[in-house]
**Student:** 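Here it is: the structure, laid out below.
What you see is a predicted model, and the numbers here were worked out from it, not measured in a lab. The basis for the numbers below is simple: all heavy atoms, side chains too, and nothing from hydrogens, waters or symmetry mates.
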Amino acid sequence: MRRRSLLLAVPAGLVTLAGCGDDDKSEKAKSSSSPSPSASASSAPPPKIVDGPLPAITAGTKFGEKPTVAKGSGAPSKDLAVRTVIAGNGGTVAENDYIQANYLGQVWDTAKVFDNSYDRKTSLVIQLAQGGIIDGWRYGLVGKKAGSRVEMAVPPTWGYGKQGNTQAGIKGTDTLVFVVDIENTFNAKSSAKGKDVAQNDAALPKVGTNTDGKAPSIAVPKAKAPTKLVADYVIEGDGEEVKADSSVLVQYKGVLWDGGKEFDSTYSRGQLTSFSLQQVVKGWGQGLTGKKVGSRVLIVVPPALGYGDNPPSGSGIAKDSTLVFTVDILAKM
């Protein structure tokens with residue numbers, strides 16, 4: 001269980017969230033038929049991985065195109081069938097990484113499509129972690145490279161189990177066929193990607209521009225803290241703009257304006273975090289809105305848009321503190 005991120009602690013009228021400082025659960029629940037599990041983590045042993053049988057992809061055969069997949073022929077394997085249809089050359093996916101992918105899922109016996117991201121025109125960003133996604137994905141996609149198209153036939157044991165997923169029309173005996181286009185993979189070493197932006201204001205903190213996955217430095221000037229929100233590019237990416245109601249996957253580090261002491265960091269925890277901009281302190285929500293995916297952003301949050309006179313207990317943040325953050329926007333969810 002991950003440490004609860006301070007960013008999810010709201011000063012007044014604290015709402016208890018289901019997770020422990022982590023992924024946006026509401027985002028995963030948008031489609032009950034998505035590959036997120038509908039029950040607790042599986043206790044099944046790791047599967048044997050075989051290369052078939054798998055139904056043919058009859059149309060939409062290019063990476064990123066919505067595929068049409070034939071009905072399964074004969075009995076599916078009782079093992080996890082995995083085949084790389086198109087080999088990519090990007091980063092290699094590891095267990096517990098986040099992946100960004102488009103996918104289509106259908107039932108082996110009927111070819112009934114129960115879910116696909118292509119029609120939603122929004123790729124899925126999800127962590128390949130036990131309890132966070134069905135085991136078929138967790139085992140089948142590890143070792144694959146970004147840019148790859150992978151086809152899988154997932155037996156119930158590593159899918160939704162004997163209970164199936166009634167809302168998606170999946171029975172407890174159904175083998176599921178997935179086609180997954182892996183667009184990107186992210187881990188604790190991921191960083192912003194873009195063009196460095198000049199930091200010329202001596203009255204503002206200077207943020208490091210390293211993109212090696214290590215925490216960037218934050219040099220806070222010996223000056224009076226700004227009274228208004230600051231949200232400036234340090235590195236400007238070229239991805240889509242974040243909206244006020246977006247959920248994002250990020251790396252971040254937070255320090256106090258007074259003294260520069262670090263109080264929270266994904267780098268220190270060695271784990272990325274994801275959340276809705278509607279769940280965080282106002283300074284974050286306002287500061288990241290309109291910024292591009294791939295960017296590193298300096299955010300200086302005055303007390304009125306941070307924790308004010310009610311900081312989280314045990315955080316090391318005094319009342320009415322001005323907070324300084326560096327935030328790498330890795331993906332929009």
**Student:** Linking I/L/V/M/F/W/Y whenever their side-chain heavy atoms sit closer than 4.5 Å, directly or via other members, would V230 and I317 fall into one cluster?
**Tutor:**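 V230 does not cluster with I317.
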**Student:** Checking side-chain polar atoms at under 3.5 Å, does K144 have a donor or acceptor matched by the opposite partner on T92?
**Tutor:**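 Per modelled atom types, K144 and T92 side chains form no pair under 3.5 Å.
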**Student:** How far does CD1 of I299 sit from OG1 of T326, to the nearest 0.5 angstrom?
**Tutor:**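 Result: 8.5 Å between the selected atoms.
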**Student:** Within the 4.5 Å heavy-atom criterion, are P216 and R296 side-chain neighbours or not?
**Tutor:**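 They are in contact (side-chain heavy atoms under 4.5 Å apart), so the answer is yes.
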**Student:** Just wondering, more than 12 heavy atoms not from D238 lying within 6.0 Å of its CG?
**Tutor:**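 No, because the 6.0 Å sphere around CG of D238 holds 12 heavy atoms or fewer from other groups.
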**Student:** Would a hydrophobic clustering, with Ile, Leu, Val, Met, Phe, Trp and Tyr connected at side-chain separations under 4.5 Å, put L176 with L54?
**Tutor:**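 Cluster IDs for L176 and L54 differ.
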**Student:** Quick one: are L124 and N102 in side-chain contact, heavy atoms under 4.5 Å?
**Tutor:** no
**Student:** Is there a ring pair (Phe, Tyr, Trp, His ring centres under 6.0 Å) between Y252 and F275 once you walk through the steps?
**Tutor:** CA-CA 12 Å; Y252 72 89; F275 48 75; 7.0 Å; no
**Student:** Between N184 and Y98, do the side chains contain an N or O donor and an N or O acceptor separated by less than 3.5 Å?
**Tutor:** no
**Student:** W158 side chain to P45 main-chain N or O, any donor-acceptor pair under 3.5 Å?
**Tutor:** yes
**Student:** Find the distance between CG (L298) and CD1 (I218) and round it off to the nearest 0.5 Å.
**Tutor:**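 Separation between the atoms: 7.5 Å.
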**Student:** Are E262 and S268 close enough that a side-chain donor and a side-chain acceptor fall under 3.5 Å?
**Tutor:** yes
**Student:** Measure up the F263 and F325 rings against each other and bin them: parallel (under 30°), tilted (30 to 60°), perpendicular (over 60°).
**Tutor:**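 Correct class here is perpendicular.
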**Student:** Would you indicate whether the side-chain heavy atoms of P221 and W257 approach each other to under 4.5 Å?
**Tutor:**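 Yes. Closest side-chain heavy atoms under 4.5 Å.
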**Student:** So, do L104 and Y118 sit near enough that their side-chain heavy atoms are less than 4.5 Å apart?
**Tutor:**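 L104 reaches Y118 side chain to side chain.
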**Student:** Is there a donor in the side chain of T185 and an acceptor in the side chain of D97, or the other way round, less than 3.5 Å apart?
**Tutor:** yes
**Student:** Applying side-chain contact (heavy atoms from CB on, under 4.5 Å) to V85 and V150, what does each step give before you reach the verdict?
**Tutor:** CA-CA 6 Å; V85 181; V150 180; over 6 Å; no
**Student:** So, for T322 and P303, which heavy atoms are closest and what is the spacing to 0.1 Å?
**Tutor:**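 Closest approach of T322 to P303: OG1-CD, 3.6 Å.
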**Student:** Would you call L141 and L128 a side-chain contact if the rule is heavy atoms closer than 4.5 Å?
**Tutor:**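 Yes, at least one pair of side-chain atoms sits under 4.5 Å.
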**Student:** Using the side-chain contact (heavy atoms from CB on, under 4.5 Å) rule, take V255 and V220 through it: C-alpha gap first, then chi angles, then the decisive distance, then the call.
**Tutor:** CA-CA 9 Å; V255 304; V220 181; 4.1 Å; yes
**Student:** Any side-chain donor paired with an acceptor under 3.5 Å for D174 and Y160?
**Tutor:** no
**Student:** Under the salt bridge (Lys or Arg N to Asp or Glu O under 4.0 Å) definition, can you give me all pairs with a residue in residues 180-192, not counting sequence neighbours?
**Tutor:** R149-D181
**Student:** Looking at S276, is its backbone amide N or carbonyl O close enough to the side chain of Q279 to form a donor-acceptor pair, meaning the two atoms are under 3.5 Å apart?
**Tutor:**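 Yes; judged by distance alone, with no hydrogens or angles, the pair exists.
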**Student:** Could you go through D258 and K222, starting from their C-alpha distance and side-chain angles, then the distance that decides it, and tell me whether this counts as salt bridge (Lys or Arg N to Asp or Glu O under 4.0 Å)?
**Tutor:** CA-CA 9 Å; D258 292 333; K222 293 181 179 180; over 6 Å; no
**Student:** Minimum heavy-atom separation for S246 to V242, with atom names?
**Tutor:** CB-CG1, 3.7 Å
**Student:** Main chain of G213, side chain of N210: is a donor-acceptor contact present, judged purely on distance under 3.5 Å?
**Tutor:**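 Not at all, since once roles are kept as given, no pair shorter than 3.5 Å links the two residues.
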**Student:** Does K214 qualify as a cation-pi partner of Y267, given the criterion of NZ or CZ under 6.0 Å from the six-membered ring centre and within 45 degrees of its axis?
**Tutor:** no
**Student:** Closer than 3.5 angstrom, by distance alone: can the side chain of E151 be matched with the main-chain N or O of V179 as a donor-acceptor pair?
**Tutor:** no
**Student:** Heavy atoms only: give me the nearest Y139-P47 pair and the separation to one decimal.
**Tutor:** CD1-CD, 3.3 Å
**Student:** Which atom pair, heavy atoms only, marks the closest approach of V142 to A94?
**Tutor:** CG2-C, 4.0 Å
**Student:** Heavy-atom distance under 4.5 Å between the side chains of V125 and I99, does that happen here?
**Tutor:**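 A side-chain contact is absent here, since even the closest heavy-atom pair is not under 4.5 Å.
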**Student:** So does E95 pair up with R138, basic N to acidic O under 4.0 Å?
**Tutor:** yes
**Student:** Evaluate the criterion side-chain contact (heavy atoms from CB on, under 4.5 Å) for residue pair V327 and Q251; output intermediate values, then yes/no.
**Tutor:** CA-CA 6 Å; V327 185; Q251 287 265 40; over 6 Å; no
**Student:** Check D109 with K71, please: is the shortest side-chain N to carboxylate O separation under 4.0 Å?
**Tutor:** no
**Student:** Take a 6.0 Å sphere around NZ of K193 and say whether it holds more than 12 heavy atoms from other residues, nucleotides or ligands.
**Tutor:** no
**Student:** Do any N or O atoms from the side chain of S117 and from the backbone of Y103 form a donor-acceptor pair under 3.5 angstrom?
**Tutor:** yes
**Student:** So, do T209 and V234 sit near enough that their side-chain heavy atoms are less than 4.5 Å apart?
**Tutor:** yes
**Student:** Is there a salt bridge (Lys or Arg N to Asp or Glu O under 4.0 Å) between E240 and K292 once you walk through the steps?
**Tutor:** CA-CA 5 Å; E240 62 178 311; K292 298 174 187 175; over 6 Å; no
**Student:** Applying salt bridge (Lys or Arg N to Asp or Glu O under 4.0 Å) to K291 and E241, what does each step give before you reach the verdict?
**Tutor:** CA-CA 5 Å; K291 296 296 189 285; E241 291 187 358; over 6 Å; no
**Student:** Could you point out which residue of S295, S191, S190 forms a side-chain contact (heavy atoms from CB on, under 4.5 Å) with L330?
**Tutor:**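 Option passing the side-chain contact (heavy atoms from CB on, under 4.5 Å) with L330: S190.
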**Student:** Over all heavy atoms of both residues, which pair between P205 and V324 is shortest? Give the atoms and the distance, please.
**Tutor:** CG-CG1, 3.8 Å
**Student:** Are V250 and Y233 co-members of a hydrophobic cluster defined by side-chain heavy atoms under 4.5 Å apart?
**Tutor:**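 Result: yes, single cluster for both.
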**Student:** With rounding to the nearest 0.5 Å, note down the distance linking CG in D196 to OG1 in T211.
**Tutor:**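 Here the interatomic distance stands at 8.0 Å.
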**Student:** Do the non-hydrogen side-chain atoms of S77 and P53 ever get within less than 4.5 Å of each other?
**Tutor:**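 In short, these two side chains touch, coming nearer than 4.5 Å.
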**Student:** Just wondering, more than 12 heavy atoms not from N89 lying within 6.0 Å of its CG?
**Tutor:** no
